[in-house]
Amino acid sequence: MPPSSPSMASTLRAYALPLILFAFAMLYQLLLIPNYFPPSHYDVLKIDTYSPVDKVRDSYHTLQSNWNSSPQVPDTCQFLKIQYAYELLTNPSWKRDYDLFGIDDQLHILENASKNCAGKRISELDLPLLDVPPPSGPIDHSHKVITALDFQSIFPVTKPWLIQLYSSGSKRCAQFSESWNKIASLLHPFANTGMVELGEVQLAVYLADKRSTGKPYFRNGIPYLLAIPPGCRDVKCFSRFDGELTVDKVTNWFATTVLALPQINYYSKESLVPKLFGKSSHHKVKVIFFTKSGERAAPFIRQAAKDYWDYASFAFILWREEESSYWMGAFGVESAPAVVFLKDPGVKPVVHHGSVDNSFFLKMMENNKQQELPQLRSVTSMELGCDPHGYSRAGYDTIIWYCAIAVGRPGLALNKMREVYPQTMCRVKETLSKPNEADASSDNQTLAPAVEVIKRKRLTFAWLDGEKQKDFCRFYLGPASEQTCGQHTGVDDIPQLFIIRYLRNSSAMDTKTQEKPTWKSLLMKDLEGEHDQAGQFVARYKGASDISEISQWIASIIKDGDTRELPFFTLRTPALVPDDKDPGWSRTAQKVPLENLKQRIQGVVRGLLVYQEDPRIGPFLLLGALISMGSIWFRRNQAQTSESNPQSQPSSEEPSQDERNQRPRDGLRRRQTKDSTKNQHPSMTDSEPKGAYQIPLSDSESE
């Protein structure tokens with residue numbers, strides 16, 4: 001039977017791919033390409049692209065004379081297009097920007113005029129359409145202007161660069177000049193800023209974006225901002241700004257993407273306590289900014305948040321007049337802008353009204369980075385002098401020094417004891433400030449030892465988190481640490497007070513300077529590893545929480561420690577556990593110094609969108625459709641030919657039993673013939689000579 005012809009549905013299914021490709025090719029060529037490549041201003045004037053200014057003028061005058069001589073009234077909207085093209089292409093700066101980079105940042109003027117041109121005559125139009133800027137330009141050139149000659153000197157600089165590409169004839173660049181000055185002033189301590197005029201054609205083309213055809217352009221027009229991080233020597237590692245050109249957004253982009261500075265969040269009256277105080281570490285000072293603008297933190301504030309991350313937590317609050325009474329009662333803030341430093345419980349906040357600059361704020365941070373009663377932590381033990389490795393605030397020559405520590409689990413009980421300590425220090429400092437007065441009361445005489453050690457920086461007050469530093473806490477309190485150290489056990493938390501007397505081990509220090517054989521030196525290092533370099537004597541306070549009594553007790557311990565031979569131990573003290581992990585933004589900044597994941601995805605999408613304007617896409621789709629259609633037709637034609645010639649196909653009938661038995665014998669015979677042929681002598685022939693026959697034998701059975 002002849003093969004049946006395929007149905008229309010099966011044919012359409014078979015050719016679905018080439019039909020889809022063909023449809024996309026036609027859609028791209030007929031609809032998308034005309035939108036991506038509209039008629040240029042040269043086409044409006046009916047001259048060749050990149051024609052010189054003289055030819056532009058000649059064409060304009062020719063069109064104008066034709067209108068004047070024509071009896072018909074010329075189209076006003078068409079006249080606007082010609083007038084706009086003439087004014088744009090006769091200005092050298094605008095023509096250069098349009099020819100090289102396709103910049104036409106005044107096109108909105110033509111669009112607005114075209115909307116209002118209906119019913120108007122040419123004489124009623126407000127001409128010229130474009131305002132020509134002065135020759136010098138309104139742009140501030142006080143910032144460094146980078147040329148192609150000194151561009152190479154940028155790369156060895158350790159600071160990153162923020163570069164603005166601008167045109168001296170652009171109104172947008174002139175309007176952005178003031179914002180650029182603010183951006184440069186905010187980034188001055190952390191980055192270099194420079195400007196590149198589009199007249200530096202070679203450098204501007206190198207820094208510009210590239211279309212799929214290789215032509216340079218600026219995706220958001222000019223001014224155009226890009227950042228060059230330290231160590232970057234190729235255009236691939238440049239970071240380009242795509243957002244709105246405002247001071248807040250540009251500085252935030254540069255601080256986050258290039259400088260890798262942490263973000264500082266805004267909090268409301270309701271979220272400040274649970275999200276800032278509840279989640280941040282107890283030992284950190286809370287630095288709160290009040291602002292009316294709602295802008296993000298300046299780069300110098302974010303840099304301070306990064307540098308003082310171990311000491312302080314930062315927050316921003318948007319000032320509202322209806323909440324002014326609340327902030328006045330809570331922190332003593334009268335108006336914005338203001339900065340508040342919150343320290344220990346019960347300590348009055350430090351409030352500064354008014355704006356701050358970089359140097360002034362860093363001084364404030366250095367003076368207020370510690371709590372009134374600092375916390376003993378791994379990063380502060382050396383600075384406080386509460387370190388058994390021999391570090392003292394009084395210097396390395398000091399033999400004896402002291403550290404008074406309040407320890408407990410974080411809570412109300414520990415906060416009350418922390419409130420007592422600053423008052424105790426204030427009382428001792430008051431006595432220290434009046435050493436020459438005639439007042440010789442018994443209290444002053446008793447506190448004299450404490451006054452002396454504070455004067456020489458031999459006494460430090462601190463508090464310890466007994467929950468996190470449980471090993472350190474139990475090491476000093478021993479059996480009395482159940483209600484003070486470690487996790488909450490359900491019983492009442494009882495904070496405690498103890499003082500450590502450090503005695504520098506001078507013999508251990510002397511062994512470091514003596515020359516010894518190698519094996520003795522290694523033995524001494526092992527012994528030093530098992531013991532601290534300072535002997536320690538620990539005294540625990542067991543009295544009432546009275547300021548006067550605590551002061552007297554501390555003074556008596558110091559007096560005995562300086563005058564008596566007290567016992568001490570030199571066993572290895574447990575190390576202080578770091579309170580906080582490394583911030584996530586610091587690890588991210590090391591791994592991805594330029595862009596985060598979101599920015600990388602946006603970069604990939606932008607790179608793909610560039611190709612949608614490529615005029616080669618339509619022909620490629622059409623070529624793919626033709627190749628796919630040809631290959632499908634060839635395969636279907638082969639299938640139909642094989643179906644129409646069934647005799648050429650191998651028989652599908654089953655062989656008989658005799659045929660199956662005959663096949664092994666035939667195979668054996670062929671193998672034997674092949675083996676006998678291999679063993680023949682080379683002189684013997686394989687075929688019989690022509691006309692040869694066999695002579696029968698006389699004694700053969702045929703007779």
Side-chain angles (χ1 to χ4, degrees), residues 282-285 311 341-348 350 367-388 391-395 398 400-408 410 413-433 443 446-466 469 472-473 476-477 484 495-502 534 536-562 573 576 579:
H282 302 286
H283 65 270
K284 291 187 176 183
V285 175
Y311 299 93
F341 292 85
L342 298 180
K343 298 187 177 182
D344 293 283
V347 177
K348 184 178 179 181
V350 178
N367 295 333
N368 297 281
K369 69 177 183 179
Q370 293 282 12
Q371 304 275 9
E372 291 295 328
L373 181 64
Q375 184 186 10
L376 178 59
R377 300 182 293 131
S378 58
V379 296
T380 61
S381 59
M382 289 179 56
E383 183 178 356
L384 297 176
C386 302
D387 192 285
Y391 301 105
S392 171
R393 291 195 307 146
T398 303
I400 298 175
W401 66 97
Y402 303 88
C403 187
I405 303 174
V407 61
L414 181 61
N415 290 344
K416 290 181 179 179
M417 179 171 284
R418 289 172 59 186
E419 293 178 12
V420 173
Y421 254 27
Q423 300 178 33
T424 305
M425 289 188 293
C426 291
R427 176 170 181 176
V428 176
K429 290 180 179 179
E430 287 177 1
T431 307
L432 175 62
S433 63
D443 288 346
T446 306
L447 295 178
V451 171
E452 184 64 23
V453 295
I454 288 181
K455 182 178 180 181
R456 298 182 180 277
K457 297 182 178 180
R458 292 172 53 213
L459 173 62
T460 301
F461 294 89
W463 71 277
L464 181 72
D465 187 344
Q469 308 293 346
F472 190 90
C473 176
Y476 285 103
L477 297 182
T484 306
Q496 300 190 51
L497 170 64
F498 65 93
I499 187 170
I500 305 174
R501 170 186 176 266
Y502 294 100
Q536 302 178 68
F537 170 81
V538 181
R540 185 165 60 92
Y541 179 69
K542 301 179 182 179
S545 297
D546 181 73
I547 298 175
S548 177
E549 187 175 344
I550 292 176
S551 302
Q552 298 291 341
W553 176 77
I554 292 176
S556 64
I557 293 295
I558 293 174
K559 180 179 179 181
D560 292 342
D562 287 348
T573 304
L576 291 166
D579 290 290

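Start at 1 with the first residue, then count along the sequence. Everything numeric in this text was worked out from a predicted model, so none of it was measured.
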Asker: Can you see which heavy atom on Y502 is nearest to which on C403, and at what distance?
Answerer: CE1-CB, 3.9 Å
Asker: What heavy-atom pair brings R458 and D562 nearest, and what distance separates the two atoms?
Answerer: NH2-OD1, 2.8 Å
Asker: Which atom names give the shortest non-hydrogen contact between A450 and I558, and what distance separates them?
Answerer: CA-CD1, 4.0 Å
Asker: For the backbone of C386 and the side chain of R393, can you confirm whether one donor and one acceptor N or O come within less than 3.5 Å of each other?
Answerer: no
Asker: Quick check for you: to the nearest 0.5 Å, what is the distance between I499 atom CD1 and Y402 atom OH?
Answerer: 7.5 Å
Asker: Within the distance-only criterion (no hydrogens, no angle test), does the side chain of W401 pair as donor or acceptor with the backbone N or O of G385 below 3.5 angstrom?
Answerer: yes
Asker: Taking all atoms of both residues into account, what is the closest heavy-atom pair of D387 and S381, and its distance?
Answerer: OD2-OG, 3.3 Å
Asker: Has R540 got more than 12 heavy atoms of other residues, nucleotides or ligands less than 6.0 Å from its CZ?
Answerer: yes
Asker: Quick one: are T398 and R456 in side-chain contact, heavy atoms under 4.5 Å?
Answerer: no
Asker: Can you confirm whether more than 12 heavy atoms, excluding those of K369, are under 6.0 Å from its NZ atom?
Answerer: yes
Asker: Report the distance from atom CZ of R501 to atom CD1 of I557, rounding to the nearest 0.5 Å.
Answerer: 10.5 Å
Asker: Looking at I554, L384, L376, which hits side chain to side chain contact (heavy atoms under 4.5 Å, CB included) with F461?
Answerer: I554
Asker: Nearest 0.5 Å, please: how far is CG in L464 from OG1 in T484?
Answerer: 10.5 Å
Asker: Between Q371 and L342, what is the shortest heavy-atom contact and its length?
Answerer: OE1-O, 4.5 Å
Asker: How long is the span from the NZ atom in K542 to the CH2 atom in W553, to the nearest 0.5 Å?
Answerer: 10.5 Å
Asker: Is there side-chain contact between Y311 and V285, with at least one heavy-atom pair below 4.5 Å?
Answerer: no
Asker: I need the minimum non-hydrogen distance between K559 and P449, along with the two atoms involved.
Answerer: CB-CG, 4.0 Å
Asker: Got a second to check how far L576's CG is from Q469's CD, nearest 0.5 Å?
Answerer: 5.0 Å
